[in-house]
Amino acid sequence: TPHRKSGGLQSALHGWVQGKQQAAIPKQVLLFAGRRPTQKLKEEPIMDMSYLKDMPIAVLGGGAVGKTMAADCALAGKEVRIWDQPDFAKRNFLNIEKTGITLAGHQFSFFGHERKGKAFVSLATDDMAKAVKGAGIIIIATVALAHEKIFRELIPLLEDGQVIHILPDNCGTFVCRKLMREMGCTKKVIVGAWYTAPYGIRIVRRGGVTTNECKVEDRITTIRGCALPDTDTDDFMASAWYIPAFDAIMDAEGEVTISKKGEAFQHGFIRGNTVLDINLSNVNPVIHVPGAVLGAAVMQNFDKVLDQEMKNYSLYGFALCPAIAEVQARFWEEEKALASAMEVGLCTVNYEDFFSRTTMYGKEYMGPDFAVPYEENYQNFWGDGPFDLENRYITEDVPVGCYFMSQLGRKYGVPTPIIDSMILLASTMLKRDLAGESKYTLEYLDIDHMTHDQLQAYLREGVYTAK
């Protein structure tokens, strides 16, 4: 089905981009059965966002995802500027003008895409104004708890035509749009998000020093995204074609792999059904929280009782087991019930996807049949942590992800006992009320007062109902 033309930003920018012509990026769709093409569908036009082609990319966040995406885009020939907060920039950008950023790692990917080498960005700075001035695409690659501070600094700097990509969303689209209203911002920009980052990454540390080397362990071939409001989603998805960090996904666009069970697995860019879909489809909370909470004994005994080096610990490699998978699967059933009640979409995860060391993540980069059994000591995971309970697997995924879902459950009358139990257990282990201390209430996101129909109008059409 051809993309629906949304108008939105395209109409607002008519005449702003001089000489702009209707262009199409071909999307040749191949259906694969055991990697054999069986059908070729007609090319689909994508909305013209070609004005972004020669504009710089600004990456806000100098951690693992931000630094890797910056290097990936720079190696592909894009002008890239990367920003981080002053305290973090001193550490994350140490000697970066001389060392560059090295992109390395296994880069496992179903269709074999990889990009390695030393990249040099045009600017690494703690001055956000310099980073985003004249940029076409702005990538937000930070933890959720940093979103508000970043958006408050970014919003006064926004320019017409810019496209904001948040990875992953973690309610960032709601926070950004809320602050734009509060700050009186009327710039014609797109605000959208993805349910995950395009890689699994580790930043190499040596001798206690954070280096500028990014080890990319895998590159996903499918990613789910949406904009707020949904009327901007076609343009948002089209803009992704100008982010070389998504090249493994672009290479896989339109391809469908048939699994051994006969199920179709779609690669490429997947259009979400509202940003609520994108938030629920982020499987970090369903994997991380039960794994970290119920597998805490393995982590805390790893070096003391099990006589292993703590630097090698991995939740995926050592903590996950069938019993935890049962909890994760029940957690996911509660998310499915939420999505149904709210009339939004959700990515497809099967019950059996939880029962492997690679969980459903393995399918994203190595296809639908990839699953590492629990019996295998999968050394590729070694060293990815977390190494204590004060880690984003709990300190972000509980007060943001789990708490958000729990509140939606109460709003829509959907029971969430597994999710609620994870919040309680994590809070007990950390000796503080992770939900009670969280600012991520529905009121904070400015949607607590909305009826179902009002929320749908906001998500889909951008029609905001004030309190």
Side-chain angles (χ1 to χ4, degrees), residues 1 144 166-174 192-198 220-230 233-234 236-237 249 256 259 261 263-290 325-355 358-365 368 397-398 400-420 422 440 442 445 447 450 452 455-456 458-460:
T1 304
I166 306 170
L167 297 99
D169 192 2
N170 276 334
C171 300
T173 48
F174 288 110
W194 304 95
Y195 78 150
T196 189
I220 64 176
T221 64
T222 181
I223 196 166
R224 194 175 185 94
C226 196
L228 180 63
D230 183 55
T233 296
D234 289 335
F236 173 69
M237 302 291 279
I249 300 162
V256 177
S259 72
K261 293 178 59 180
E263 297 174 337
F265 180 81
Q266 183 178 347
H267 301 272
F269 295 108
I270 310 296
R271 193 188 199 283
N273 181 347
T274 78
V275 292
L276 275 181
D277 170 336
I278 303 308
N279 279 275
L280 292 177
S281 293
N282 177 359
V283 295
N284 281 349
V286 71
I287 298 300
H288 291 166
V289 180
E326 290 288 357
V327 176
Q328 292 167 332
R330 288 285 301 277
F331 189 127
W332 188 249
E333 289 299 314
E334 293 178 4
E335 288 202 44
K336 287 167 64 177
L338 275 173
S340 177
M342 293 185 292
E343 298 184 278
V344 300
L346 189 68
C347 67
T348 300
V349 178
N350 299 319
Y351 173 77
E352 60 270 18
D353 292 336
F354 293 98
F355 290 82
T358 43
T359 68
M360 71 287 294
Y361 286 129
K363 302 190 334 182
E364 294 178 343
Y365 62 90
D397 289 338
V398 172
V400 181
C402 291
Y403 184 43
F404 181 55
M405 290 180 246
S406 178
Q407 293 174 87
L408 289 174
R410 291 195 294 274
K411 182 178 179 70
Y412 277 86
V414 176
T416 56
I418 298 297
I419 295 172
D420 294 341
M422 290 296 104
Y440 278 82
L442 299 186
L445 301 176
I447 59 174
M450 294 184 185
H452 174 72
L455 181 57
Q456 290 290 321
Y458 178 48
L459 294 170
R460 301 184 186 280

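Everything numeric here is computed off the predicted structure, so don't read it as measured data.
- Nearest heavy-atom pair, Asn170 versus Ala144, reported as atom, atom and distance to 0.1 Å: CB-CB, 3.6 Å.
- Across all their heavy atoms, Thr233 and Cys226 have their closest contact at OG1-SG, 3.2 Å.
- In this structure a side-chain-to-backbone donor-acceptor pair under 3.5 Å is missing from Asn282 to Ile278.
- Checking Val414, Val286, Ile418, Asp420 one by one against Glu334, the side-chain contact (heavy atoms from CB on, under 4.5 Å) holds for a single residue, Ile418.
- Contact between Met342 and Leu276 at its shortest, heavy atoms only, is SD-CD1, 3.9 Å.
- When all heavy atoms of Leu167 and Pro198 are compared, the pair lying nearest together is CD2-CD, 3.8 Å.
- The CD atom of Gln266 lies 9.5 Å from the CZ atom of Arg224; values are rounded to the nearest 0.5 Å.
- With contacts defined as side-chain heavy-atom distances shorter than 4.5 Å, the pair Asp230/Leu459 does not qualify.
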*Just do the side chain to side chain contact (heavy atoms under 4.5 Å, CB included) check on Thr359 and Phe354 with the steps written out, would you?*
CA-CA 5 Å; Thr359 68; Phe354 293 98; 5.7 Å; no
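- The existence of a salt bridge linking Arg330 and Glu333 is excluded, since no basic side-chain nitrogen approaches an acidic carboxylate oxygen closer than 4.0 Å.
- Taken from CE in Met360 to CD in Glu352, the straight-line distance is 10.5 Å, to the nearest 0.5 Å.
- Between Phe355 and Tyr351, the two ring planes are tilted [angle within 30° to 60°].
- Separating the CZ atom in Phe331 from the OG1 atom in Thr416 is a distance of 9.0 Å, to the nearest 0.5 Å.
- Here the straight-line distance linking atom CZ of Phe269 with atom CH2 of Trp194 works out to 5.0 Å at 0.5 Å rounding.
- Side chain of Lys411 to backbone of Met450: a donor-acceptor contact under 3.5 angstrom is found.
- With Asp277 contributing its side chain and Val344 its backbone, the two residues share no donor-acceptor pair below 3.5 Å.
- The closest side-chain heavy-atom distance from Tyr195 to Ile223 is below 4.5 Å.
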*Could you walk me through whether Leu442 and Phe404 pass side chain to side chain contact (heavy atoms under 4.5 Å, CB included), step by step?*
CA-CA 7 Å; Leu442 299 186; Phe404 181 55; 3.8 Å; yes
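- In this structure a side-chain-to-backbone donor-acceptor pair under 3.5 Å is present from Ser281 to Cys347.
- We find the CH2-NZ distance between Trp332 and Lys336 to be 8.5 Å, quoted to the nearest 0.5 Å.
- With hydrogens and angles disregarded, no donor-acceptor distance shorter than 3.5 Å links the side chain of Glu343 to the backbone of His452.
- Contact of the Glu335 side chain with the Val283 side chain is not registered, since no non-hydrogen atoms from C-beta on lie closer than 4.5 Å.
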*Begin from the C-alpha positions of Tyr412 and Leu455 and carry the test side chain to side chain contact (heavy atoms under 4.5 Å, CB included) through to its verdict.*
CA-CA 12 Å; Tyr412 277 86; Leu455 181 57; 3.6 Å; yes
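- Of all the heavy atoms in Val289 and Cys402, the pair that sits closest is CG2-SG, 3.8 Å.
- Nearest approach of Arg460 to Pro229, heavy atoms of both residues: O-CB, 3.9 Å.
- Without hydrogens or angle criteria, Tyr361 side chain to Ile287 main chain gives no donor-acceptor distance under 3.5 Å.
- A donor-acceptor pair is defined here as one N or O able to donate and one able to accept, closer than 3.5 Å; no such pair exists between the side chain of Thr222 and the backbone of Glu364.
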*Show your reasoning for whether side chain to side chain contact (heavy atoms under 4.5 Å, CB included) applies to Tyr458 and Phe174.*
CA-CA 10 Å; Tyr458 178 48; Phe174 288 110; 4.1 Å; yes
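- Residues Asn350 and Glu263 meet the side-chain proximity criterion, which asks for heavy atoms closer than 4.5 Å.
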